[in-house]
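Below you'll find the structure, written out as structure tokens, and then a few comments.
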2 protein chains.
Amino acid sequence: MQKKGTTGRKGAGRDRLPRAGTAGTGSRSQATRERILDAAERLFAQRGFYGISVRDITGAAEVDVALASYHFGNKQGLLEAVVMRRAEDLNTERSARLDAVLAAAKGRRPPKIEDVIDAFTHPLLDRSSRGSPGWKSYFALIAEVNNSPEFGGVLMSRFFDPVVEKFIDAIRRALPDCEESDLYWAYHFLSGALTLTFAETGRIDKLSGGACRSSDLDSVHERLVPYCAAGFRALCATKRAASRQAGTRKARK
Amino acid sequence: MQKKGTTGRKGAGRDRLPRAGTAGTGSRSQATRERILDAAERLFAQRGFYGISVRDITGAAEVDVALASYHFGNKQGLLEAVVMRRAEDLNTERSARLDAVLAAAKGRRPPKIEDVIDAFTHPLLDRSSRGSPGWKSYFALIAEVNNSPEFGGVLMSRFFDPVVEKFIDAIRRALPDCEESDLYWAYHFLSGALTLTFAETGRIDKLSGGACRSSDLDSVHERLVPYCAAGFRALCATKRAASRQAGTRKARK
DNA sequence: GTCTATATGGAGATAGAC
DNA sequence: GTCTATCTCCATATAGAC
């Protein structure tokens, strides 16, 4: 896809001799890893896991093909490393924000749903709008992974579900009477809306004739939060009423 | 991926001599096309466009490799044919249901948002739950296409946007004061939730510890409609109030 | 840690016989 | 319309030199 550059990286690395120790300890090695991860993130996001070869990635990263196997084992290991890298950062901030929301509402009253949702989604907004450009690729990739029958059920769960559980638990406190299945389905709808939105596929731009721009994430986030908050409330309110009726009916039988 | 069967199809076709005329006229030819489309739908849904070879597809369809090129030109032409085939059926029913909802509310009053959303989503529910099994593959594939930066903006628009415009127009009548950008964003959130849900990736099953089953589409549809209806109302109500304030402020300047 | 070289297999597409 | 045979190129992965 791209010829190796003649930027003298080979020479530039010569000041650093290989030392004894485990793989991936040296700073040169770390830099190589990051270059491969950056390229993989961008290219996987564009055409998916199977649409990109390891050679495409190492070519774009301007490192040798064999280094992908050396650092990540195989192609799937590379994908997982790409997903994991930023998931950790994301989970850390999501978790901290959820704690803050719960702490602010401490004991006295349930947290506001909008605040809980914001704690979960704002870290994405910050990073996509104002973080390094790799984040945009990352979110496009996550949307594909989330919607993939092959990877959706496994990779997403592995890297995101612990904090998702924490999020759902916070919603549970905000809507104490909500049924479990309603909570989870409402989360699922949020997940679909969120990943598609941050993927910025450009479809909405075309459909709306320019009234909406995928890239204007601040104004879409302003809408996503109340949309989903209202959805959560509607589901739980409806269900609560319905289940009370059902309970009454059942008791009578 | 699979060996060619020895089912005697070659002999069975011999009663039908090739006639003069355009390609794909004969019933044998039609059957071959359908077999290829069925296999492509199923396999593309499983591993995406690049994860499956034309040979995988024709092997599963038990037809010769070269027939894919003959009938569909190339691999991308095959993908487009897969998407188009069921899109037409879907669009027809969506359109008819939207007409019915609008007719029922004729002139006197705006249609109910829930009814409009149901007109748009119920055809998916019917087909996935009670249609031929190919529909489940189809919806999984659509979810991947919708979330793909490469195909999302083009294929989805091409095959679905005309009826989506009609849907949005019906919502516009239900919420006459809603701003255009709110309408389109709200649709986009619905689209993300809808495609992920009907993709049945299994993630929610694992996350919810069995409380939700991806495959139980009737009960998820019961929730999707009120969730999205509430989201539409919340967006438009909020925005209407905000824009009135803004208008006042602006007028004062 | 990095690179060269290569093993082994599969990819998409088409020309031309039937 | 269908099938055989083949062209040309690229895939992942690894062994072993440096």
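Every chain is numbered from 1 and lettered A, B, ... according to where its sequence line falls, protein lines coming before strand lines. As a basis for the values below, the full set of heavy atoms in this structure was taken, side chains included, without hydrogen atoms, waters or symmetry mates. These numbers were taken from a predicted model, which means no experiment stands behind them.
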Item to check | Separation of atom CZ in B:Phe72 from atom C1' in D:dG1, rounded to whole Å | outcome: 13 Å
Checklist entry - End-to-end bend of the helix from C:dG1-D:dC18 to C:dC18-D:dG1 (five-pair axes, 10° rounding)? => result 10°
Next on the checklist: Can you see whether A:Asn146 engages B:Thr201 through a side-chain donor-acceptor pair at a distance of less than 3.5 angstrom?
Outcome noted: no
Checklist entry - How many Å lie between CZ on A:Arg35 and C1' on C:dT2, as a whole number? => result 13 Å
Checklist outcome for this item: B:Ile52 atom CD1 is separated from C:dG10 atom P, nearest whole Å, by 14 Å
Next on the checklist: Is there a side-chain contact between B:Ser53 and the phosphate of C:dG10, meaning an N or O under 4.0 Å from OP1 or OP2?
Outcome noted: no
Checklist entry - Is B:Arg47 positioned over the aromatic face of A:Tyr50, cation under 6.0 angstrom from the ring centre and no more than 45 degrees off axis? => result yes
Item to check | Between C:dG12 (C1') and B:Leu67 (CG): distance, integer Å | outcome: 15 Å
Checklist entry - Between A:Asp218 and A:Arg223, is there a salt bridge with N-O shorter than 4.0 Å? => result no
Sort me out a list of protein N/O and nucleotides 13-16 of chain D N/O pairs below 3.5 Å, or just none if empty.
unit_1: D:dA13; atom_1: OP2; unit_2: A:Lys75; atom_2: N; d: 3.3

Checklist entry - Got a salt bridge between B:Asp161 and A:Lys206, using NZ or NE/NH1/NH2 to carboxylate O under 4.0 Å? => result no
Checklist entry - Taking it one step at a time, do B:Phe49 and B:Leu78 satisfy side-chain contact (heavy atoms from CB on, under 4.5 Å)? => result CA-CA 10 Å; B:Phe49 180 70; B:Leu78 174 52; over 6 Å; no
Checklist outcome for this item: Atom OH of A:Tyr50 and atom C1' of C:dG12 are separated, to the nearest Å, by 19 Å
Checklist entry - Taking atom P of C:dG1 as reference, at what distance in whole Å does atom CD1 of A:Ile36 sit? => result 13 Å
Checklist entry - So, is A:Thr32 close to the C:dT2 phosphate, meaning a side-chain N or O under 4.0 Å from OP1 or OP2? => result yes
Checklist entry - Distance only, no hydrogens: is a donor on one side chain within 3.5 Å (strictly under) of an acceptor on the other, for A:Thr121 and A:His221? => result yes
Checklist entry - Can a salt bridge be assigned to the pair A:Arg42 and A:Asp56 using a cut-off of 4.0 Å between side-chain N and carboxylate O? => result no
Checklist outcome for this item: Separation of C:dG1 atom P from A:Arg33 atom CZ, nearest Å, is 11 Å
Item to check | Pair A:Asp38-A:Arg85, salt bridge (Lys or Arg N to Asp or Glu O under 4.0 Å): steps then yes or no | outcome: CA-CA 10 Å; A:Asp38 288 342; A:Arg85 179 172 58 157; 3.0 Å; yes
Checklist entry - Roughly, in whole Å, what's the span from CZ in A:Arg47 to C1' in C:dA11? => result 13 Å
Item to check | Min side-chain heavy-atom separation A:Leu190-B:Tyr227 under 4.5 Å | outcome: yes
